[in-house]
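Whatever order the structure lists ligands and atoms in, that order sets their numbers, starting from 1.
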Amino acid sequence: MSTVNIPELFGSLVFDDRVMKERLSEDIYASLKKTIDENVRLDEAVADAVAEEMKNWALENGATHFTHWFQPLTGVTAEKHDSFITPSSDGGVIMEFSGKELIKGEPDASSFPSGGLRATFEARGYTAWDPTSYAFIKDHTLCIPTAFCSFSGEALDKKTPLLRSMQAINRQAMRILKIFGTDAKYVKTSVGAEQEYFLIDQELWKQRPDLKYTGRTLFGAMPPKGQEMDDHYFGVIKPRVSEFMEDLNIELWKLGILAKTEHNEVAPAQHELAPIYATTNIATDGNQLTMEIMKKVANRHGLVCLLHEKPFAGVNGSGKHNNWSIATDTGVNLLSPGKTPYENAQFLLFLAAVIQAVDDYQDLLRLSVATAGNDHRLGANEAPPAIISVFLGEELTAIIDAIKEDKPYQGTEEVKMKLGVHSLPRFSRDTTDRNRTSPFAFTGNKFEFRSLGSSNSIACCNIMLNTAVAESLRQYADELEKSTDFENDLHELIKRVFKEHERILFDGNGYGEEWVKEATEVRGLSNLITTADAMPKLLDKKNMDMLQSHKVFTEAEIHSRCEIMLENYVKTVNIEGLTMVDMVRKNYLPAIERYLYRLSQTTVLMRQVSENVKCKYEVSTMERLSELTDYIMDAVIELEDALAEFKTIGDVFKSSEFVRDTMLPRMDKLRKFVDEAEMLTSQRDWPFPSYGQLLFSVN
Ligand code: ADP
Ligand code: MG
């Protein structure tokens, strides 16, 4: 480590602003910059010049190929490599890369999920360069971040709607800022995504088909020690893990990813990495890359990085925290209370917009993080509940109460709180960040959405968040643009919004049973427990209308997404069910039988030696294990029946309900019996590494 020059290393594989400034002519650089910052269309001559320099830079840095790098709806990234070679007239090759190749690609897209989109349009898709996210080199390949669309322009990826949502919030926020008399040209949202993961030994991983096929353990009895001692969280990082982290940081830094903080998490073998925040689409690309590089670097160290939300039952699962804020190009964070009353009023209006957005579109936020994997976490007393609510902290709550009730606020003089007159205190992180059970918490100058699963793309929730906030802002702009008494109308509007949406504000314990009751029965908040419950809400008229009105999705795109996400859910669980049956029939039952054979043989032999032996251990173990094998057999047949029936259901909505109501409960039942058998069977006969081995293997 000591020999690494980090500033020199940082971004060394990225065609970033430094490289562009150095290598492009002044004119070309200026027009590219305009495209990046202000979304101005790029002309072809500029693209050619950029492509040429990009290629030269890539060749100098060891690249041989280029690829359009995109984020299809599978949730992972995709790439198809082309080399730079072009035949020359003398039989050799030259290295070429044109502006056209930079701007547009035509991958054979038929194998990517499209949820019926392409059937109605064209069979092919194309990728389009996103100049706002820098190109980079990975595995000797120049990767060009792109959006992935059908020929008729329907988005087949996660980046396109994300960029559209950033435009939507920019449009509406600028309307508001103009009323306040801004000198800003645009606003952008920023995100810092904290990423949790598990590291386990690769040799042990290889022996677990469930981890290989599904990313999580489908069986496994709890070891004597779990996370109850709280001795792992922020604990000393073990040497092998620390070597992995050092290596990971270097790889990420080379790619210009601002990896900053690393520590052990709550569960044994669990860790976290947090980058410094960046513009949302760049943070999204960065997080996708981070997940990919984590897995790759882990392999180099004989480890496997598990990004599944719940790799092990009984200990915490892994999530991701989406720290979100919105700022102007002039450097004003709109979620930071300012120094003057005027700035404060602006802050409170943006705060109101977020609160209203979360209340009005709870279901969209919830479904944006819904996957089969994350369903195991949300509401499982370790992660925020499936109920979405907002935590503001004492100070801010007191201010809002004062505004709502037209009362004095103790932080100001003893007069009625009036916007445009009073200064607000600055919120220190300490007073705002105490509640870890809230799904959506204000943390001083940003909001932290904590419901994401560790493998989720952060694109999904940011699309919903940006657009929902854009919708609140649109309503306010419509109202305030017409106002003739701005200060008074603004005050009344903020007061009204806080009053109308107070039900979404909750500072208590989000893990408690009482909260579920209060939230659903008293406050009428939605509690969408599974993906099967949440995803269909995407098609609710209010959600479809809103997303379309901001031009973030077309109607067809919304339908396709709903279908793909549900398909993903049912396919995931189906593979898990099949894997369970396979493991039970081929490994667990034969293993228990082997052990039973030894026990019964031993009992017979011992009794031959003496009639007085009781064989207590042998006989009682045999009796219970033999009972359990009967239960296991019944449960496996029930699961097989469910898997067979599942195949006959054509409709994806019905399939998802079947998965929720029949498959998952049957899988749970089967697991319970097998896990009990594990506790009774000799380790020598047990066919797979135990939880104890998996969780405590890395040192
Ligand atoms: P935690 O206590 O949750 O670990 P940190 O201070 O480490 O909080 O920050 C978590 C993440 O929030 C980091 O990725 C950080 O860069 C990001 N962050 C900080 N300020 C902002 C902001 N204004 N907008 C978006 N993200 C931010
Ligand atoms: Mg956090």
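Every atom of ligand 1 with a heavy atom of N333 under 4.0 Å away is listed here by number and element: 23 (N). Less than 4.0 angstrom separates some heavy atom of G192 from each of these atoms of ligand 1: 14 (O), 26 (N).
Applying the side chain to side chain donor-acceptor pair (under 3.5 Å) rule to pairs touching residues 235-245 yields D201-R240, sequence neighbours excluded.
A donor-acceptor pair under 3.5 Å is formed between the side chain of S549 and the backbone N or O of M546. Of the possible donor and acceptor atoms, none in the side chain of Q362 sits under 3.5 Å from a partner among the backbone N and O of I388.
The heavy atom nearest to atom 24 (N) of ligand 1, out of those in S325, A193, G444, is found in S325. With V191, T280, N323 as candidates, the residue nearest to atom 12 (O) of ligand 1 on a non-hydrogen basis is N323.
In this structure, I276 is part of the shell of residues with a heavy atom less than 4.0 angstrom from ligand 1. Taking a 4.0 Å cut-off on heavy atoms, K260 fails to register as neighbouring ligand 1. For the ligand labelled ligand 1, residue E194 lies inside the 4.0 Å heavy-atom shell.
With respect to I463, the side-chain contact (heavy atoms from CB on, under 4.5 Å) criterion is satisfied by exactly one of V552, T284, T160, L163: V552.
Taking any N or O of E272, backbone or side chain, none lies under 3.5 Å from an N or O belonging to ligand 1. Polar contact check, S190 against ligand 1: no nitrogen or oxygen pair lies under 3.5 Å apart. Annotation: A274 places no N or O atom under 3.5 Å from an N or O atom of ligand 1; distance criterion only.
Taking the ring centroids of F136 and W69, they lie under the 6.0 Å cut-off. For F15 and Y134, the ring centers sit 6.0 Å or farther from each other.
Judged as a ring-ring contact (aromatic ring centres under 6.0 Å, His included), and not counting sequence neighbours, Y361 has no contacts.
With a heavy-atom cut-off of 4.0 Å, H321 does not touch ligand 1 at all.
The aromatic rings of F440 and F449 are tilted relative to each other, their planes meeting at an angle between 30° and 60°.
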